S.K.: 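Can you keep this structure in mind? I'll have questions shortly.
Predicted model only: the values in this text are computed from it and were never measured. In what follows, every chain begins at residue 1, and chains take the letters A, B, ... in the order their sequences are listed.
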2 protein chains.
Amino acid sequence: MRRSISDRIEQYLKVLINRSDAQQIEIQRAELAETFSCVPSQVTYVLSTRFNGKDGYITESRRGGKGFVRITHVSTKARDCSHLHEDLQEMIAHMLEDRHMQESEARFIKYLLPALFEDMDEEQQQLVLTSMIKAIVRYNRLQSE
Amino acid sequence: MRRSISDRIEQYLKVLINRSDAQQIEIQRAELAETFSCVPSQVTYVLSTRFNGKDGYITESRRGGKGFVRITHVSTKARDCSHLHEDLQEMIAHMLEDRHMQESEARFIKYLLPALFEDMDEEQQQLVLTSMIKAIVRYNRLQSE
DNA sequence: ATAATAAAGGTCAATAATGGTCAAAGGAGC
DNA sequence: GCTCCTTTGACCATTATTGACCTTTATTAT
């Protein structure tokens, strides 16, 4: 669906990162630009718009001979979510770490949910949490398409 | 007289959506306008009058090169509830205007709610909506301090 | 060691390619 | 004529692409 060169570079890099062991890759800017037949500065553009801290990525680089750009996806190992209803705050923090949620969203939900749950019994809370996980997964899929 | 251009655009888009796997399509505004020999803003008009949240549709877009408009049809169950849902959408819109809420938060909630309501009966939905509205009001107050 | 040179990556502003907004004009059915 | 929906267009906002010029680092020549 997403067809611009920037989109394709983004996709390409994210696949590489996901396949990597440490959620980290190193690339050559000029080489990548060559691969996608674009100017090197477009790679910089993609990095700054799609791999910034807000999106859960850290980029470092070195100029000159043997230069490189390193991209790291900061995330912790996914955890078992079977007991979500027991510790809501922890769950949200966890999702935030895993970048299944953005900073601003997390902050919002963090505030919203306790207020929501005030009026709900445990069963209802569990229902809401389960649905929410599903929704977030779907949302995430849409975002990363 | 024959149906209006807006009607025909609506029909066209709905057929495309129904035929799609994920009840979701992406179009180019200018291209669609060209197809129907109208100005691009008429497409925007159709989207806002026939594909808004009230009708069970979510639209997202991106400007600039290789921009697009994405239309998603959300399930009927999710929107067949009380006026509270509409009220909430309106609140979100207002908060966006007043910058008491971020785009990403609003987008997130728009996705979250239908999925959340999928598994809930009307009574539960009402409870959630009421609590959410209360919570948002409080959140709003905190933000504006 | 130092100076020159080559080999990276970075910045920034101009331009192009989209979609959005809003208010005014048009038109069909009372 | 009045009202509501539609149609239009001028102007706006956002995102992508490109290229000239700059900075940093490694390598080579003296």
S.K.: Atom CG of A:Asp7 and atom P of D:dT14: how far apart are they, to the nearest Å?
M.R.: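 Whole-Å distance recorded here is 18 Å.
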S.K.: Scan A:Arg70 against the nucleic acid and name what it touches under 4.0 Å (heavy atoms): base, sugar-phosphate only, or nothing.
M.R.: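 Nothing: the residue A:Arg70, judged by heavy atoms under 4.0 Å, touches no strand.
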S.K.: For a quick check under 3.5 Å, do B:Gln42 and B:Ser6 share a side-chain donor-acceptor pair by atom type?
M.R.: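 A donor-acceptor contact under 3.5 Å links the two side chains.
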S.K.: Is there a path of hydrophobic side-chain contacts, each under 4.5 Å between heavy atoms, that joins A:Phe36 and A:Ile71?
M.R.: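 As far as the 4.5 Å side-chain criterion goes, A:Ile71 and A:Phe36 are connected within one cluster.
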S.K.: For the atom pair CG (B:Leu13) and CZ (B:Phe51), what is the distance rounded to the nearest 0.5 Å?
M.R.: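 One finds 4.5 Å between CG of B:Leu13 and CZ of B:Phe51.
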S.K.: Step through the shown structure and confirm whether more than 12 heavy atoms of other residues, nucleotides or ligands are within 6.0 Å of CD on B:Gln11.
M.R.: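 No - once you tally the heavy atoms of other residues, nucleotides and ligands closer than 6.0 Å, there are 12 at most.
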S.K.: Using a cut-off of 4.0 Å on non-hydrogen atoms, how would the nucleic acid contact of B:Thr49 be classed: base, sugar-phosphate, or nothing?
M.R.: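 Contact class for B:Thr49: none.
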S.K.: To the nearest angstrom, how far is B:Gln42 atom CD from C:dG19 atom P?
M.R.: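 One finds 15 Å between P of C:dG19 and CD of B:Gln42, rounded.
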S.K.: Calculate the interatomic distance between A:Phe36 atom CZ and D:dA16 atom P; express it in whole Å.
M.R.: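 For the pair A:Phe36 CZ and D:dA16 P, the rounded distance is 15 Å.
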S.K.: Rounded off to whole Å, could you give me the CD-to-C1' distance for the A:Glu60 and D:dT25 pair?
M.R.: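 Rounded to whole Å, this separation is 16 Å.
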S.K.: Dump every N/O contact between nucleotides 14-18 of chain C and the protein below 3.5 Å, one line per pair.
M.R.:
from	atom 1	to	atom 2	distance (Å)
C:dT18	OP1	B:Lys66	N	3.1
C:dT18	O4'	B:Gly64	O	3.1
C:dT18	O2	B:Gly64	N	2.6

S.K.: Give, for atom OH of B:Tyr45 and atom SG of B:Cys38, the distance between the pair rounded to the nearest 0.5 Å.
M.R.: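 SG of B:Cys38 is found 12.5 Å from OH of B:Tyr45.
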S.K.: Starting at CD of B:Glu10 and ending at C1' of D:dC5, how long is that distance when rounded to a whole Å?
M.R.: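 The distance from CD of B:Glu10 to C1' of D:dC5 comes to 13 Å, rounded to the nearest Å.
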S.K.: Hey, which sits more toward the 5' end of DNA chain D by its nearest nucleotide, B:Ser41 or A:Ile5?
M.R.: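 So the residue in question is B:Ser41.
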S.K.: When you measure from the side chain of A:Arg50, which nucleotide among D:dA16, D:dT6, D:dT17 comes out closest?
M.R.: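 Closest of the options to the side chain of A:Arg50: D:dA16.
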S.K.: In this structure, would A:Phe68 and A:Ile27 fall into the same cluster of hydrophobic residues linked by side-chain contacts under 4.5 Å?
M.R.: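 Per the 4.5 Å side-chain linkage, A:Phe68 and A:Ile27 are not co-clustered.
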S.K.: Please give, in whole Å, the distance from D:dA16 C1' to A:Leu47 CG?
M.R.: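 Rounded to whole Å, this separation is 15 Å.
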S.K.: Starting from P on C:dG9, measure out to CD on A:Glu31 and report it in whole angstrom.
M.R.: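 Value for this atom pair: 9 Å.
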S.K.: Using side chain to side chain contact (heavy atoms under 4.5 Å, CB included), reason through B:Lys14 and B:Leu16 one step at a time and then give a plain yes or no.
M.R.: CA-CA 5 Å; B:Lys14 286 187 172 167; B:Leu16 283 189; over 6 Å; no
S.K.: Could you say whether B:Ser37 or A:Cys38 is positioned toward the 5' end of DNA chain D, judged by the nucleotide with the nearest heavy atom to each?
M.R.: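 With B:Ser37 and A:Cys38 compared, the 5'-side residue is B:Ser37.
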S.K.: Nearest to the B:Ser61 side chain among C:dG19, D:dT8, C:dG10, which nucleotide is it?
M.R.: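 Side chain of B:Ser61 sits closest to C:dG19.
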S.K.: When rounded to the nearest 0.5 angstrom, what distance separates CD in A:Glu10 from OG1 in A:Thr49?
M.R.: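 These two atoms lie 7.5 Å from each other.
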S.K.: So which nucleotide from D:dA16, C:dT21, D:dT6 ends up closest to the side chain of B:Thr44?
M.R.: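 Among the listed nucleotides, the one closest to the side chain of B:Thr44 is C:dT21.
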S.K.: Side chains of A:Thr44 and A:Arg29: donor-acceptor distance under 3.5 Å anywhere?
M.R.: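 Yes, A:Arg29 and A:Thr44 have a side-chain donor paired with an acceptor closer than 3.5 Å.
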S.K.: To the nearest Å, how far apart are B:Leu32 CG and D:dT7 P?
M.R.: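 To the nearest whole Å, that distance equals 13 Å.
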S.K.: Got a list of protein N/O to nucleotides 2-4 of chain C N/O distances below 3.5 Å?
M.R.:
none

S.K.: Does A:Glu34, at its CD atom, have more than 12 non-hydrogen atoms belonging to other residues, nucleotides or ligands within less than 6.0 Å?
M.R.: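 Count not over threshold, so no.
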